[in-house]
Amino acid sequence: IGMSAFDYVKFVVDNYNQIRQGSGDSLLLVVYNDKLSHTAAIALNYSIKDGFWEVKTAQPRRASEIKKKKLLWWDCPSPK
């Protein structure tokens with residue numbers, strides 16, 4: 001991808017335009033694109049001691065796979 005794992009997660013968190021239901025209790029923050037979307041799976045697991053939400057994984061995913069996940073929020077006039 002050409003960036004560190006930390007920078008990739010930061011890119012997704014700073015630029016997501018969709019939130020979709022992930023597996024279990026996670027949410028997917030998605031920088032949606034018709035071909036390849038960038039995603040970060042955020043677990044709803046807040047650490048009071050450490051003061052942050054846990055990021056389970058972050059990776060590019062095909063739009064066809066993203067569309068299978070339930071759309072919870074989008075920042076565009078018409079969701080795809």
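In this text the structure is predicted, and so the values were computed from the model without any measurement.
Contacts of K70 classified as side-chain contact (heavy atoms from CB on, under 4.5 Å), with partners at least two apart in sequence or in another chain: Q21, L72. Residues satisfying the side-chain hydrogen bond (donor to acceptor under 3.5 Å, both in side chains) test with K35, not counting sequence neighbours, are none. For S37, there are no side-chain hydrogen bond (donor to acceptor under 3.5 Å, both in side chains) partners, not counting sequence neighbours. For D25, the side-chain contact (heavy atoms from CB on, under 4.5 Å) partners are K56, not counting sequence neighbours.
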Under 3.5 Å, which donor-acceptor pairs do the side chains of residues 2-14 form with other protein atoms, sequence neighbours left out?
residue: S4; atom: OG; partner: D7; partner atom: N; Å: 3.1
residue: S4; atom: OG; partner: D7; partner atom: OD2; Å: 3.3
residue: Y8; atom: OH; partner: H38; partner atom: ND1; Å: 2.8
residue: Y8; atom: OH; partner: Q59; partner atom: O; Å: 3.4
residue: K10; atom: NZ; partner: D14; partner atom: OD2; Å: 2.8

Item to check | Stepwise side chain to side chain contact (heavy atoms under 4.5 Å, CB included) check, Y32 with I66 | outcome: CA-CA 8 Å; Y32 186 83; I66 294 295; 4.1 Å; yes
Item to check | Derivation and outcome, side chain to side chain contact (heavy atoms under 4.5 Å, CB included), residues L28 and I19 | outcome: CA-CA 6 Å; L28 299 177; I19 299 175; over 6 Å; no
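Put simply, the side chain of N15 never gets that close to the backbone of V31: no donor and acceptor are under 3.5 Å apart.
For the salt bridge (charged side-chain N to carboxylate O under 4.0 Å, His left out) condition, no pair includes a residue of residues 38-51, sequence neighbours left out.
When side chains are defined from C-beta on, Y16 does not count as touching V30, because their heavy atoms never get closer than 4.5 Å. Put simply, the side chain of T39 does not reach to within 4.5 Å of the side chain of R20, judged on heavy atoms.
Atom-to-atom distance recorded for W73:CH2 and L29:CG is 9.5 Å, nearest 0.5 angstrom.
Minimum heavy-atom separation, N33 to A63: O-CB, 3.5 Å. Taking every heavy atom of both residues into account, R62 and L36 meet most closely at N-CD1, 4.0 Å.
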